[in-house]
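Take a look at the structure set out below.
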Protein chains: 2
Amino acid sequence: MSVTAPKGFTAAGIAAGIKDSGGLDLALVVNNGPRLAAAGVFTTNRVKAAPVLWSEQVVKGGRISAVVLNSGGANACTGPKGFQDAHATAEKAAEVLQGHSAGEIAVASTGLIGITLPMDKLLPGIEKAATELSAHGGEKAAIAIKTTDTVHKTAVAGGEGWTVGGMAKGAGMLAPGLATMLVVLTTDADVEADVLDKALRDATRVTFDRVDSDGCMSTNDTVLLLASGASEVTPGYDEFAAAVRTVCDDLARQLIGDAEGASKDIRIEVVNAATEDDAVEVGRSIARNNLLKCAIHGEDPNWGRVLSAIGTTKAAFDPDKLNVAINGVWVCKNGSVGDDRDLVDMRYREVRITADLAAGSESAVIWANDLTADYVHENSAYSS
Amino acid sequence: MSVTAPKGFTAAGIAAGIKDSGGLDLALVVNNGPRLAAAGVFTTNRVKAAPVLWSEQVVKGGRISAVVLNSGGANACTGPKGFQDAHATAEKAAEVLQGHSAGEIAVASTGLIGITLPMDKLLPGIEKAATELSAHGGEKAAIAIKTTDTVHKTAVAGGEGWTVGGMAKGAGMLAPGLATMLVVLTTDADVEADVLDKALRDATRVTFDRVDSDGCMSTNDTVLLLASGASEVTPGYDEFAAAVRTVCDDLARQLIGDAEGASKDIRIEVVNAATEDDAVEVGRSIARNNLLKCAIHGEDPNWGRVLSAIGTTKAAFDPDKLNVAINGVWVCKNGSVGDDRDLVDMRYREVRITADLAAGSESAVIWANDLTADYVHENSAYSS
């Protein structure tokens, strides 16, 4: 279902020849209205890919009529030529789709950094994609944005008479602000751009921004939310925001579940923090501790590495009051040895770490992955 | 030569039975004076091991007459019992050495977190070590503090009539503030505690604090500098500080060269930064980027990952003016593709990355390691 689950959207995914493999590598998502409201959030990396710089401009207008996405090349660190290519991509889509303005067409790219896009393949690909646009094209579009993803990721939620759909790609370089990923969300709810913006930021703050697969932040992260208004329903804000958050949460969980080389999905919940910021800081510090990530891979409930990670933060806590549970067993109590670590069963893919700061009542959940030899292999041979 | 290179020091390294392997696991270093001046720097991790809490107190007095170090157990996250054990260790050494006060005896431990020390083995070990104290014992002391280190680490420097010697252990969990390590430095220079303190801080700031093997900060880091005054020479500050720095630099380089599972030593030099802090922040961000560390392991001059890491910092720079060289080849110029990446020869263990921020004239060097399957294997099976 993906981005074509809501009414008013068509999509396509085709092979433009950008990927050497010949696989699907170009996606087109079109908002057929009647409304063209849109919002977007982008990587906070200060080294931003050309399509991010382009699409940030587009989103400022609050309207997106179409999105062109390609895998097989990130168009990042490609200088003025890269920006010209992003612009030319939008111009080509405007021309092919007719009645569209390039200034309302967002572009997104994913793949290797530092390589210019093969425009001789990409531009004809847009023509081809336009001919294949369909209200059932969401699935193929989701497949066309995959890079090292082993599965395509889609999700749907909604209310009475209206729907939110989405697709995501991402399988590594996943870290806060945002994860390394491209996400397109669509809805047929009749919602204005400023409401979309608020709902999107409220959702990404507690979903994609709390995914930390490998601590590495991308140059290309893009999350777009497009509204067609085709349902002619304007849901209440809370209901709408909840649906957007549900789709984001679902997609974020799928990203973690498909992270490069990972064998474990680690749910880190920090509880009893003085502030939510403290909880997030501690959660991220645990999520990024390579030694802990290795221990989890080895199914070793090494709580000492959790405490060591907590100790590097500025969060409020007393080292002698820290408690840590792994898969429900409180292996660390009051900063020291707790229940028998041999009670911890770590055979399953999902591992739950609970860090109790005993300093307040705030909490946060961060999702991470273990560190494996497969991660090393996949990322040491990636560009060669 | 190690810690017994300077006059006035004796040392020993013995097998107390703390390590199951039966290897050397207890070191004793004694300052025989006439001066007992000392300084120390410790981990900035807020979760500090018991011996760190103990030795911080000792160092405040500006005098250390002996140091007891053990491998085979970190005595971290061991609660009140752990502190009692650190105290009992100092008391035992004071008793055995005669004429010493426990309040002037530092202790240091390394090994697994969350396990109390086998005091029934450690205390008799101190008696045994005292009988083996020798002016040639520095080498064995250096061996006795090894954990996963494949080699023991010692260094010597000095001036006319005076010497600085040192030993270090550390092979993982190496990250700023400080690296995970135990270091004892000795000198026969006749220098007061406040001068030792300044020289030690000046040295560690630009040596051990700029080693970032795996981004993980230990609970046990301890660097001690003891002066015996036995040379009866008081060198000028600059000359003395330079010798201390030389020994620290030498030991820091040895730590990186022996990091767990590493196949590359990565020298990251950030140049033309607006401030030294900017240079250090950027260097550390590059040093901690797992994707880049994997690429270096794969001998892939993936400069996009360097830019991606720089982009996550708050340092002053313009993305379109960044330059990156790998082993002397400027593969990234003005934020985009530079010289042919195929020119980069990465066959050797040392890899040099130069990041030019084009924002000022400050610089800093950070040392890191690559990320390998061996690192994962060693650290996923460590405590089991």
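Quick caveat: nothing in here was measured; it's all calculated off a predicted structure.
- Residue B:Asp340 qualifies as enclosed at atom CG: its count of foreign heavy atoms under 6.0 Å is above 12.
- If you measure heavy-atom distances from B:Lys81 to chain A, you find no contacts under 4.5 Å at all.
- The minimum heavy-atom distance between B:Asn45 and A:Ser308, with the atom names listed, is ND2-O, 2.8 Å.
- The contact between A:Thr313 and chain B is made by backbone and side chain atoms together, counting heavy-atom distances below 4.5 Å.
- Neither the backbone nor the side chain of A:Lys48 comes within less than 4.5 Å of any heavy atom in chain B.
- When every heavy atom of A:Arg46 is checked against every heavy atom of B:Lys314, the shortest pair comes out as NH1-C, 3.5 Å.
- Counting heavy-atom pairs under 4.5 Å between each of A:Pro319, A:Ala295, A:Ala373, A:Cys77 and chain B puts A:Cys77 at the top.
- When A:Thr312, A:Ile296, A:Val337 are compared by the number of non-hydrogen pairs under 4.5 Å with chain B, A:Thr312 comes out ahead.
- For B:Leu322, the part lying under 4.5 angstrom from a heavy atom of chain A is the side chain only.
- With rounding to the nearest 0.5 angstrom, the OG atom of B:Ser380 is 11.0 Å from the CG atom of A:Leu291.
- With respect to chain A, the highest number of heavy-atom pairs below 4.5 Å among B:Ala315, B:Ala74, B:Gly79 belongs to B:Ala315.
- Under the 4.5 Å side-chain criterion, counting only non-hydrogen atoms from C-beta, A:Thr219 is not in contact with B:Leu307.
- Interface check for chain B: of the options A:Asp370, A:Asn290, A:Thr372, the most heavy-atom pairs under 4.5 Å are formed by A:Asn290.
- Residue B:Asp320 does not touch chain A at all, counting heavy-atom pairs closer than 4.5 Å.
- The minimum heavy-atom distance linking B:Tyr375 with A:Cys294 is given by the pair CE2-SG, 3.7 Å.
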